[in-house]
Amino acid sequence: MPRLSVTTEQLEREFVSVFSDGKYVPAKCWIEHFHDDATYLRAVYPTSFPSHGVDRMNDLKRRLKKRYGPSADVVGVLMLDDADWSWFAAHRLLIHAAR
């Protein structure tokens with residue numbers, strides 16, 4: 001399954017278009033790939049994620065797929081706590097080592 005092919009600038013542009021009114025904005029949002037099999041659209045909502053936030057993240061996912069990878073398998077992952085970046089780096093290495 002092909003992965004989503006999107007740059008940071010493209011992600012930022014689509015993110016701003018979805019959250020331009022400033023409501024239900026996650027604290028962080030990024031993309032992570034699992035080899036060429038899947039793309040994870042990850043976001044952190046530090047206190048809670050209301051249903052409208054979930055709807056907007058799904059809208060962002062749809063926009064990204066339509067423009068940058070219609071056949072990509074994109075999984076949305078919403079988290080409440082924010083692990084530090086060293087944890088994510090270790091997690092990413094573990095994903096690649098598992099192959």
Side-chain angles (χ1 to χ4, degrees):
M1 181 74 54
R3 67 185 198 174
L4 195 64
S5 179
V6 60
T7 66
T8 302
E9 292 79 16
Q10 291 165 331
L11 173 61
E12 180 180 7
R13 184 172 41 246
E14 298 301 330
F15 183 90
V16 168
S17 69
V18 171
F19 294 99
S20 61
D21 64 358
K23 295 180 181 177
Y24 315 112
V25 180
K28 291 182 182 175
C29 181
W30 70 99
I31 289 180
E32 187 174 64
H33 301 288
F34 178 74
H35 303 295
D36 286 330
D37 298 328
T39 299
Y40 295 94
L41 174 61
R42 297 186 184 269
V44 175
Y45 282 88
T47 55
S48 68
F49 41 87
S51 61
H52 295 296
V54 174
D55 293 341
R56 288 194 177 200
M57 288 303 297
N58 280 327
D59 184 33
L60 177 59
K61 181 174 105 171
R62 280 189 296 273
R63 287 170 175 257
L64 292 170
K65 280 187 58 118
K66 181 177 179 181
R67 290 177 173 89
Y68 306 108
S71 61
D73 185 16
V74 180
V75 178
V77 181
L78 302 179
M79 300 174 283
L80 285 177
D81 60 350
D82 188 12
D84 62 26
W85 288 104
S86 61
W87 181 90
F88 283 108
H91 174 69
R92 186 175 175 94
L93 288 174
L94 183 60
I95 286 174
H96 290 287
R99 185 173 192 204

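Counting heavy atoms from C-beta outward, Lys28 and Trp30 have side chains that approach closer than 4.5 Å. Residues Leu64 and Leu11 are in side-chain contact: their nearest non-hydrogen atoms beyond the backbone lie under 4.5 Å apart. In this structure, the side chains of Thr39 and Glu32 stay at 4.5 Å or more apart for every pair of heavy atoms. The shortest distance between side-chain heavy atoms of Pro26 and Phe15 falls below 4.5 Å. In this structure, Arg56 and Asp21 have side chains that are in contact, with non-hydrogen atoms separated by less than 4.5 Å.
If you take CD on Glu14 and OH on Tyr68, they are separated by 4.5 Å, rounding to the nearest 0.5 Å. Atoms OG and CZ, from Ser5 and Arg67 in turn, are 15.0 Å apart once rounded to the nearest 0.5 Å. Going from atom CG of Leu78 over to atom SG of Cys29 covers 9.0 Å, rounded to the nearest 0.5 Å. Taking CG of Leu60 as the start and CZ of Arg63 as the end, the distance is 8.0 Å to the nearest 0.5 Å.
Here the closest non-hydrogen pair linking Phe19 and Tyr24 is CE2-O, 3.1 Å. Across every non-hydrogen atom of Arg42 and Met79, the tightest pair is CB-CE, 4.2 Å. Minimum interatomic distance between Leu4 and His33 (heavy atoms only, all atoms of both residues): O-CE1, 3.0 Å. Annotation for Gly76 and Lys61: closest pair N-CD, 4.2 Å, computed over non-hydrogen atoms.
By the rule that hydrophobic residues join a cluster once side-chain heavy atoms approach within less than 4.5 Å of another member, Met57 and Val16 end up as members of separate clusters.
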- [ ] Evaluate the criterion side chain to side chain contact (heavy atoms under 4.5 Å, CB included) for residue pair Leu41 and Val77; output intermediate values, then yes/no.
- [x] CA-CA 6 Å; Leu41 174 61; Val77 181; over 6 Å; no
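Taking 4.0 Å as the cut-off between side-chain N and carboxylate O, Lys65 and Asp73 do not count as a salt-bridged pair.
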